[in-house]
Amino acid sequence: MNTEISALLTIFGATGDLAHRKLYPSLFRLFKKGYLKNNFAVIGTARREWTNEYFHEVIADSVQDLAESQDEIEQFTSHFYYISHNVKDAAHYEELKHLSEQLDEKYKLDGNRIFYLAMAPEFFGIIGDMLKNKGLLTENGFNRLIIEKPFGHDLETARELNEQLSRSFNEDQIYRIDHYLGKEMIQNISAVRFSNMIFEALWNNKYIDNVQITLAETVGVEDRGDYYNRTGALRDMVQNHVLQIVALLVMEPPISLEGEDVRNEKIKALRSLRLYETAEEVKKNFIRGQYIAGDDLVGYRDEPKVDPDSTTETYVAGKIHIDNFRWAGVPFYIRTGKRMAQKETYIHVQFKHMAMNLFPSEDVKEVAEPNILTIHISPQEGFSLRLNAKRVGQGMEMKNIRMHQIFDEKTQANSPEAYERLLLDCLNGDPTNFTHWQEVEQSWKYVDYIRQAWDEDTSEPCFYESGSMGPKESYELLKRDGFSWTEFNWDPNKEQSPNDIMPEMTE
Ligand code: BG6
């Protein structure tokens with residue numbers, strides 16, 4: 001039986017898309033599993049004038065597919081309350097305080113409060129101040145703040161925001177969400193690394209040749225043209241998700257899996273990323289791309305709310321150097337983009353060639369190839385390992401084989417969603433899978449140099465066709481070093497087994 005947690009959750013931005021798509025369904029799953037039962041309440045607040053009844057309808061709609069009965073939905077929504085709220089108006093916090101106290105008593109919440117900021121970041125600071133000054137933080141229970149990204153727009157604004165928040169909350173009360181850290185396979189990186197001797201023993205520059213991280217999306221900017229045009233892929237994906245993955249791959253083994261120990265190692269890892277302080281270094285190591293029309297899809301510049309001359313990048317590829325003892329000399333190649341050929345997130349860890357090749361290649365079809373450990377993050381979840389063996393029959397012809405553990409649909413469907421895991425972690429006071437301020441700071445430091453070089457560069461981004469795997473320059477980035485992106489044979493129109501989509505083998 002799961003232990004019930006008592007808390008009041010106040011969601012700022014309760015009428016928004018994130019709340020509807022992710023938060024309500026995640027809370028509902030926690031409710032079904034018994035983590036939230038009798039002693040919880042949720043206050044939704046936003047500018048719109050909604051009634052409690054309407055709020056309940058919206059929530060019912062968002063959890064409909066997960067519910068077993070109308071009764072179950074009603075039981076759940078009965079814990080939800082709505083207040084129309086202008087975050088800048090002090091009087092509204094009085095109302096919020098009053099309702100919070102009432103609910104605390106009604107549901108026996110022991111003063112435990114979580115404030116979830118699912119809204120535009122420019123309001124984070126003022127909300128933090130108001131919560132403290134207007135007496136919404138309790139003495140007897142816990143007070144935690146969950147913040148959605150982006151945490152600032154660059155290092156300077158992130159620092160300002162952090163200073164502002166720290167007037168009301170301590171670092172250990174601030175839970176900065178990076179939803180990638182709630183994904184099954186991202187959490188599995190540490191499990192695979194630190195529980196398998198065959199990987200951990202080889203996890204360094206003696207045995208690893210290069211690491212490739214791909215976060216490819218097929219969607220364009222959708223209806224977020226306005227936000228995206230100010231943000232670009234570097235801030236939207238690299239500063240957070242990509243660098244978090246790098247940190248987990250690079251970090252030293254923590255002394256325990258406690259939040260503080262893991263996050264200390266990640267901070268050290270991020271500090272070891274070589275900063276590209278000059279425009280030349282940025283140019284040499286990072287590429288920005290933008291999608292143009294292709295596959296019957298419009299180009300980025302023709303998307304709604306996008307400036308027709310925009311040079312905002314919808315694609316980034318880069319080579320990251322890690323300047324520490326374990327990783328010196330091993331390139332970490334990253335790429336992420338919109339409107340790419342496939343929706344697929346994966347990591348390839350490519351091991352070195354054997355120092356001596358006993359299996360000459362001239363007259364045989366397949367040769368011994370470097371081993372690749374692939375961590376499939378989504379939509380496939382699991383691992384695969386490329387190995388070499390002898391082809392059955394006479395002679396010593398080689399065959400590349402793949403071993404894989406790909407979770408089946410049922411296992412995937414039963415596994416908690418990223419937001420569900422993260423909400424539960426926050427309810428339990430476990431910060432491990434949230435980003436510490438110093439991680440955010442270090443990531444902005446890294447990204448800001450690149451941003452600055454690009455902002456000063458008046459040339460066009462590298463264009464790539466919608467439905468491709470990015471601009472040709474991103475292939476040249478690896479080719480220069482004698483490597484190439486290991487792609488998947490992916491055909492979105494076909495039903496495929498994990499075997500079909502394994503990395504293409506060299507003939
Ligand atoms: C978000 C970005 O953080 O991550 C989006 O703002 C992006 O632009 C999304 O589409 C990708 O997340 P996922 O889980 O679909 O890979």
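This structure is a prediction, so every number in the text was calculated from the model and none was measured. Whatever order the structure lists them in is the order used to number ligands and atoms, beginning at 1. All values below were derived from every heavy atom in this structure, side-chain atoms included, with hydrogens, water molecules and symmetry-related copies excluded.
Within the 4.5 Å cutoff, the side chain of Glu473 has no heavy atoms near those of the Tyr475 side chain. Considering only heavy atoms from C-beta on, Glu222 stays 4.5 Å or farther from Tyr228 through its side chain.
The six-membered or imidazole ring of Tyr346 lies away from that of His376, with a centre-to-centre distance of 6.0 Å or more. When ring centroids are compared, Phe80 and Phe76 come within the 6.0 Å threshold.
A heavy-atom cutoff of 4.0 Å around ligand 1 is satisfied by the protein residues Lys149, His179, Tyr180, Lys183, Glu217, Arg224, Asp236, Met237, His241, Lys338, Lys343.
Qualifying ring-ring contact (aromatic ring centres under 6.0 Å, His included) partners for Phe332, counting only residues two or more places apart in sequence or in other chains: Trp327.
Note that Arg339 lies in the cation-pi zone of Tyr291, set by a 6.0 Å cut-off to the ring centre and a 45° limit from the axis.
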